[in-house]
2 protein chains.
Amino acid sequence: MINDSQVVNAAFRGSFEPALIEEINRIGIYQEVEEGEYLIRPGSYIRSVPIILSGSIKIMRPDAVGNEALLYYLSGLDSCAISMTGSPDNKPSEITAIAEEKTRLIFIPVEKVDEWICRFPTWKQFVFRTYQRRFDDMIATIDSIAFKKLDERLLTYLKKKTQSCQCTVLQITHEEIAREMATSREVISRLLKQLERVGYLRLSRNKIEIL
Amino acid sequence: MINDSQVVNAAFRGSFEPALIEEINRIGIYQEVEEGEYLIRPGSYIRSVPIILSGSIKIMRPDAVGNEALLYYLSGLDSCAISMTGSPDNKPSEITAIAEEKTRLIFIPVEKVDEWICRFPTWKQFVFRTYQRRFDDMIATIDSIAFKKLDERLLTYLKKKTQSCQCTVLQITHEEIAREMATSREVISRLLKQLERVGYLRLSRNKIEIL
DNA sequence: GCGGTTCCGTGATATATGTCACACGGGCAA
DNA sequence: TTGCCCGTGTGACATATATCACGGAACCGC
């Protein structure tokens with residue numbers, strides 16, 4: 001049985017200075033979430049910032065009528081930039097965060113995020129790198145929605161998914177893919193079937209096997 | 001004739017502490033750009049961060065084959081978050097920044113952006129607020145591309161545009177709108193005509209008058 | 001005014017995507 | 001076994017957007 005601080009130490013060693021790791025251990029709140037669990041819902045207030053130790057989280061943007069668009073995934077040692085800024089105007093969140101698989105993370109209160117920036121150079125670096133990555137992700141998302149056709153988007157979606165779970169068999173329904181890509185189930189079914197005919201993958205119930 | 005430091009002082013008074021304003025005056029490089037001028041092109045390296053004093057800048061994302069998508073606008077006291085992170089890996093820019101009108105700005109070298117964060121609390125606030133705003137903008141952009149039809153997007157486009165220039169007459173061609181919205185000229189012409197028939201605006205060459 | 005250029009309007013048509021309707025099959029529970 | 005959901009496959013059709021083709025209008029330099 002691994003205890004929390006061991007996990008934290010292992011994750012951060014090499015990235016952060018020892019004093020910072022100690023602070024994180026002291027202040028941070030360790031948590032494990034199961035696949036499908038919600039970390040953030042739109043309307044909730046964000047008072048602490050999650051850092052992903054292992055597993056992965058998907059960040060989605062829901063609209064008013066039940067659609068959602070996938071913004072980006074978070075995985076090892078990433079964090080959610082949106083929640084970083086102490087949101088001085090105290091707006092509620094506009095996004096949803098859902099665990100893609102069993103995920104371990106540690107929560108840092110926003111005040112600390114702020115405070116550490118000046119105390120620990122590696123933390124400052126971390127915060128900025130996180131922002132940068134999220135920007136790049138969002139730009140990539142805009143790119144693909146604005147310029148690509150659905151079949152191409154579906155392909156990159158499948159690629160990212162397999163990368164993030166490190167496997168070739170996805171446990172997922174067409175319906176769910178459709179929601180994440182803000183389209184309809186039938187369309188995804190058809191495109192997947194096409195990819196199967198081409199030999200790119202094999203389909204079965206609740207399962208997509210990439211070849 | 002107003003000199004640079006007067007402009008800077010006027011813009012920042014109230015937002016920044018005097019010592020910081022003095023630093024900005026000492027370090028920052030003041031510049032004026034005319035409408036249509038490029039500030040950043042994809043492929044160029046960003047070594048300093050612009051803060052807009054007056055006027056406005058649009059930030060676009062070009063793709064490989066000549067399309068572009070509008071990411072967001074910058075105006076008074078905004079800054080471009082993308083360029084803020086000293087980009088330690090030194091990647092070239094992936095975006096384009098173009099002046100929408102005659103614009104005054106001041107460039108801060110990236111090292112200073114970093115350094116000031118710990119020296120001046122209001123600067124830290126400014127940097128984070130900037131990130132936050134850009135995130136919100138990008139999410140709004142994704143929202144509208146993913147969920148809205150073109151006619152609705154066109155409407156919000158026109159609204160933002162009139163807001164940003166503080167006027168009801170837009171000097172712009174259908175072609176340009178089309179490029180910013182990543183669609184084709186004919187489509188925009190048709191939709192605009194529709195809006196004219198409905199009495200929402202009046203069209204003439206190079207000009208759109210909102211009613 | 002004239003010729004060229006840029007912008008705009010608009011029909012016809014193509015394509016991509018969204019929607020509806022329904023059938024099939026597998027699993028699962030009673 | 002029976003019946004029922006859920007996920008899937010697929011045809012038919014609706015709609016939105018893209019593309020092509022053209023003509024005409026406004027403007028610009030001479």
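B:Ile188 places its CD1 atom 15 Å from the C1' atom of C:dC7, with the value rounded to the nearest Å. The distance between atom CG of A:Leu192 and atom P of D:dG9, rounded to the nearest whole Å, is 8 Å. Protein atom CD1 of A:Ile172 is 16 Å distant from nucleotide atom C1' of D:dC6, rounded to whole Å. Nucleotide C:dT15 holds its C1' atom 13 Å from the CD atom of A:Gln194, rounded to whole Å. Straight-line distance from the CZ atom of A:Arg185 to the C1' atom of D:dC6: 11 Å, rounded to whole Å. Taking atom NZ on B:Lys149 and atom C1' on D:dA14, their separation rounds to 11 Å, with Å as the unit. A straight line from CD of B:Gln171 to P of C:dC7 spans 13 Å, rounded to a whole angstrom. The nearest whole Å value for the distance from the CZ atom in A:Arg179 to the P atom in C:dG18 is 15 Å.
Between B:Thr173 and the phosphate of C:dC8, there is a side-chain N or O to OP1/OP2 separation shorter than 4.0 Å. Here A:His174 reaches the OP1 or OP2 of D:dG9: one of its side-chain N or O atoms lies under 4.0 Å away.
Take the nearest nucleotide of DNA chain C for A:Thr183 and for B:Arg197: the residue whose nucleotide is more 5' is B:Arg197. Of the residues near DNA chain C, A:Ala182 and B:Arg205, the one whose nearest nucleotide (by heavy atom distance) lies more toward the 5' end is B:Arg205.
For C:dC8, its base never sits under 3.5 Å from the side chain of B:Glu175 at any donor and acceptor pair. Applying the 3.5 Å distance criterion, the base of C:dC8 shares no donor-acceptor pair with the side chain of B:Glu186. A donor-acceptor contact under 3.5 angstrom links the side-chain atoms of B:Arg190 to the base of D:dT19.
No side-chain N or O of A:Thr168 forms a donor-acceptor pair with one of A:Glu209 less than 3.5 Å apart. A donor and an acceptor atom, one from each side chain of B:Glu180 and B:Tyr157, are located under 3.5 Å apart.
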Worksheet entry | Stepwise side-chain hydrogen bond (donor to acceptor under 3.5 Å, both in side chains) check, B:Arg134 with B:Thr130 | CA-CA 6 Å; B:Arg134 287 324 126 232; B:Thr130 299; 5.7 Å; no

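Closest to the side chain of A:Ser184, out of D:dT17, D:dT10, C:dT19, is C:dT19.
Taking the six-membered ring where the residue is Trp, the centroids of A:Phe135 and B:Phe135 are separated by under 6.0 Å.
At a threshold of 4.0 Å, the pair A:Lys148-B:Asp63 does not count as salt-bridged, since none of the basic side-chain nitrogens sits closer than that to a carboxylate oxygen.
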